[in-house]
Amino acid sequence: LAILRGFSVSRTATGVVDLIIGETTFVHGLGLSDRNAFVVSAKVNNSSVNLDVDSVDTNTIILTSLVAQDDVFITVIGS
């Protein structure tokens, strides 16, 4: 049994990006309560894309990819 110890309202940002090999900066603008208080989904044609994700600040993340991919749908959910 997991007990939730408090919660906060989540906010969502979405966008479509063209990933390059290496780092792509994604500004979500959510103003998170903590720069690491988020989850990310990346999809192309309903299939998940594996990325390394690093937080820069409460409004920005860096997506690192090993392959170039166009039209990647990014969803960031955070609090």
Side-chain angles (χ1 to χ4, degrees):
L1 175 65
I3 299 172
L4 183 63
R5 300 177 216 248
F7 66 95
S8 61
V9 176
S10 64
R11 296 180 290 270
T12 304
T14 59
V16 177
V17 298
D18 294 334
L19 295 174
I20 60 170
I21 296 173
E23 296 181 350
T24 301
T25 300
F26 185 80
V27 179
H28 52 73
L30 293 176
L32 302 171
S33 59
D34 181 280
R35 73 183 214 172
N36 295 314
F38 68 91
V39 293
V40 173
S41 170
K43 297 197 179 254
V44 173
N45 297 324
N46 296 320
S47 294
S48 294
V49 175
N50 291 321
L51 301 170
D52 181 61
V53 180
D54 296 298
S55 57
V56 175
D57 56 35
T58 60
N59 290 303
T60 310
I61 57 176
I62 293 177
L63 309 171
T64 304
S65 178
L66 297 176
V67 295
Q69 178 69 55
D70 291 338
D71 300 323
V72 180
F73 189 79
I74 304 293
T75 302
V76 179
I77 302 171
S79 62

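Numbers for residues simply follow the sequence, beginning at 1.
A distance of 10.0 Å separates CZ of Phe26 from OG1 of Thr60, quoted to the nearest 0.5 Å. Going from atom OG1 of Thr64 over to atom CD1 of Ile20 covers 9.0 Å, rounded to the nearest 0.5 Å. Annotation: the span from Asn45 atom CG to Lys43 atom NZ amounts to 11.5 Å, rounded to 0.5 Å. The distance from atom OG1 of Thr24 to atom CG of Leu51, rounded to the nearest 0.5 Å, is 8.5 Å. The distance from atom CD of Glu23 to atom CG of Asp54, rounded to the nearest 0.5 Å, is 7.5 Å.
The side-chain heavy atoms of Asp57 and Asn59, taken from C-beta on, include a pair separated by under 4.5 Å. By the 4.5 Å heavy-atom criterion applied to side chains, Val76 and Ile61 are counted as neighbours.
Pairing each heavy atom of Ile74 with each of Ala42, the nearest pair is CD1-CB, 3.7 Å. Across all non-hydrogen atoms, the minimal contact from Ser55 to Arg35 is CB-O, 3.1 Å. The minimum heavy-atom distance between Ala68 and Ile21, with the atom names listed, is N-CG1, 3.5 Å. Minimum heavy-atom separation, Asp34 to Thr58: C-CG2, 4.2 Å.
Note on Val44: it clusters hydrophobically with Val40, by side-chain heavy-atom contacts below 4.5 Å among ILVMFWY residues.
Checking each of Leu30, Val53, Ile77, Thr12 against Phe38 for a side chain to side chain contact (heavy atoms under 4.5 Å, CB included) leaves exactly one that passes, namely Val53.
For Asp70 (side chain) and Asp18 (main-chain N/O), no donor-acceptor pair under 3.5 Å exists by modelled atom type.
A 6.0 Å sphere centred on CG of Leu66 holds no more than 12 heavy atoms belonging to other residues, nucleotides or ligands.
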